[in-house]
Amino acid sequence: MNIFYSLNIIFLISNYLFIYEYIRRKWHLPKFNPVFILLILYIPTKLAPLFLGPIFILDNGLFNYYYQYAILMENISLLGTFIITISFFSLLKKNPNFEFFITKLYSYPFSRTKLIYVEFVFFLLAIIVFILMAESDMGLINWLLSPREGYQYHRSGVGSLYAASLTFLSLAYTLSFLSSKNNISFIIKSVFYISLVFFWGSKGFILSFFSFLILCLWVVKYKYLNLVLLVFTPIVSLILLVNLALALGNVNFVNVVEYFDHYKNSAMFYESYLNGEFKLFHGKVFLSDFWSVVPRGLYEAKPYVYGISHVNELFFPGMAEKGHTPAFGGPVMEFSDFGVFSVFLFSLLNFSYLFKLYLFNYYFKMRGVVSFSKNSILILIFCICFSPMFLAYIPISLSIIFVFFIWLLIAFFARLRFKN
């Protein structure tokens, strides 16, 4: 049985690598490329909850039966992802005009001066919305003194403002790359933005902004990229440790391990289900997730329990109302509606993934052919593809409205006349 369990884990890792390698070859990317950079930087954040936590906090560690069931569900989800990836590239091969549909969209010429103005507008929006969000509950000074506490416990009711401010900051940072005169000025700006995003309270944001710096320097083939990695990596690691200390209070091995409890929670979920302690939700989780579109500030009667929080409520009753919902590893939300069937089905109907895949495909096919800093449509594509934490915590339905608003703002500045 242990051999089967080991193969289950190996198959999971192989699935991720196989999908990556398949896409890399389709885009004719070199071994060292932007996607590879993102993978390398995010591997620790994936491996820690996937392996480190379960090894120490689950009975029998990685050979825990219910943990293995969680891994099996993730493998099924990845199988669906691989199927739609193959189907996507097959469709493009049969319909090559669809691949470059974007080139037929009307766009406006852009200049570096306009980019600087748009960057400032998004930065200003990020700060204004962040202040409004912080002042509505915790107070700005208190939030700045304890951003981790604000992130964990004081976003309830103003989650839409929090998400908007994070996306605006991400866009400002992305545009700072496109508008920078040279690499040194962008690196200096990056120090500012990476330091600033610390106050949004999450380690993942800091890592995401740092990843964007490395990615952009690779794009422009910066010859001192290795030096930047050597200098910045320990600094960013220190910032991440400070954030972790704020989250845990006391940093020691036991606390760190228990922090990565995602798959422990998943194992608990599958154990309860397989032992008949609750029934599946039959679409209730998926349908109720549409409540995430409605800001609580506009509709105070919005329920606290909707979407994945229905699952949280089974094991952590009352936590959703407090604004703190422990995470589950793997496709628990998908499984909770119709079991294995919905895990596979939702992976096949992952339109958000397909949309991103289409835009990334366009970018990598057209890089070097067109300038992604002098065309309004291409600027938007670059932001959607690479902007760190872009549309994070914003539901798919609202994302469409958000992208349209961003496009209107970019197009507005594109039509204005400035002296270059």
Side-chain angles (χ1 to χ4, degrees), residues 30 32-34 37-38 41 107-128 165-199 205-233 235-236 239 359-360 362-364 366-390 406-407 409-420:
F32 192 68
N33 60 77
I37 293 171
L38 293 177
L41 290 170
S107 188
Y108 302 97
F110 235 83
S111 65
R112 195 175 69 83
T113 302
K114 292 179 181 179
L115 280 169
I116 293 172
Y117 276 103
V118 179
E119 176 194 349
F120 176 75
V121 168
F122 280 123
F123 176 78
L124 195 62
L125 284 172
I127 299 304
I128 291 173
S165 66
L166 180 60
T167 287
F168 289 143
L169 186 70
S170 300
L171 285 167
Y173 183 29
T174 305
L175 293 169
S176 75
F177 165 64
L178 298 176
S179 66
S180 295
K181 283 185 176 180
N182 51 55
N183 296 323
I184 297 300
S185 64
F186 173 61
I187 292 172
I188 294 171
K189 285 182 179 181
S190 294
V191 173
F192 170 74
Y193 278 106
I194 293 171
S195 302
L196 186 62
V197 80
F198 171 84
F199 294 103
F205 304 164
I206 300 167
L207 181 61
S208 182
F209 274 51
F210 175 60
S211 302
F212 182 73
L213 165 63
I214 303 304
L215 185 148
C216 290
L217 293 180
W218 180 91
V219 167
V220 297
K221 295 179 172 54
Y222 186 52
K223 62 180 179 179
Y224 299 116
L225 176 58
N226 291 337
L227 178 62
V228 172
L229 278 168
L230 184 65
V231 172
F232 275 77
T233 299
I235 296 174
V236 171
I239 296 173
L359 293 182
F360 268 102
Y362 182 81
Y363 172 79
F364 285 119
M366 297 300 291
R367 73 190 191 282
V369 179
V370 293
S371 173
F372 274 75
S373 62
K374 294 182 180 179
N375 180 294
S376 53
I377 283 285
L378 300 183
I379 288 170
L380 184 62
I381 291 172
F382 188 88
C383 290
I384 294 174
C385 287
F386 297 109
S387 184
M389 305 313 300
F390 182 68
I406 293 164
W407 160 240
L409 190 59
I410 292 174
F412 170 76
F413 274 89
R415 299 186 69 174
L416 293 180
R417 293 184 179 182
F418 296 106
K419 291 183 179 180
N420 293 319

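Just so it is clear, the structure is predicted and the values come from calculations on it, not from any experiment. Atom set for the values below is all heavy atoms of this structure, side chains included, hydrogens, waters and symmetry mates excluded.
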Quick check for you: to the nearest 0.5 Å, what is the distance between [X] atom [atom1] and [Y] atom [atom2]?
| X | Y | atom1 | atom2 | answer |
| --- | --- | --- | --- | --- |
| L125 | F120 | CG | CZ | 10.0 Å |
| L227 | Y222 | CG | OH | 7.0 Å |
| S176 | I188 | OG | CD1 | 11.5 Å |
| I116 | S179 | CD1 | OG | 5.0 Å |
| L124 | F168 | CG | CZ | 11.0 Å |
| L213 | S211 | CG | OG | 9.0 Å |

**Message:** side chain to side chain contact (heavy atoms under 4.5 Å, CB included) for F177 and K189? Distances and angles first, verdict last.
**Reply:** CA-CA 8 Å; F177 165 64; K189 285 182 179 181; over 6 Å; no

**Message:** Looking at every non-hydrogen atom in both residues, tell me the closest pair between M389 and T167 and how far apart they are.
**Reply:** O-OG1, 3.9 Å

**Prompt:** Looking at C383 and L175, what are the two nearest heavy atoms and their distance?
**Reply:** SG-CD2, 4.3 Å

**Asked** Under 4.5 Å between any side-chain heavy atoms of P388 and T174, yes or no?
**Response** yes

**Asked** Can you tell if the side chain of I127 reaches within under 4.5 Å of the side chain of L196, non-hydrogen atoms only?
**Response**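 With C-beta onward as the side chain, the pair touches.
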
**Message:** Can a side-chain donor-acceptor contact be found between Y193 and S170 if the only test is distance below 3.5 angstrom?
**Reply:** no

**Asked** Should I379 and L115 be marked as a side chain to side chain contact (heavy atoms under 4.5 Å, CB included) after you check the CA-CA gap, both sets of side-chain angles, and the distance that decides it?
**Response** CA-CA 9 Å; I379 288 170; L115 280 169; 3.6 Å; yes

**Asked** Checking side chain to side chain contact (heavy atoms under 4.5 Å, CB included) for the pair V220/F186: CA distance, chi angles, key distance, verdict?
**Response** CA-CA 11 Å; V220 297; F186 173 61; over 6 Å; no

**Geometric class of the F386/Y363 ring pair [parallel <30°, tilted 30-60°, perpendicular >60°]** =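 Rings of Y363 and F386: perpendicular, over 60°.
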
**Message:** I need the single residue from F212, F210, F390 that forms a ring pair (Phe, Tyr, Trp, His ring centres under 6.0 Å) with Y173. Which is it?
**Reply:**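 Result for ring pair (Phe, Tyr, Trp, His ring centres under 6.0 Å) with Y173: F212.
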
**F232/I187 under side chain to side chain contact (heavy atoms under 4.5 Å, CB included): CA gap, chis, key distance, verdict** = CA-CA 10 Å; F232 275 77; I187 292 172; 3.8 Å; yes

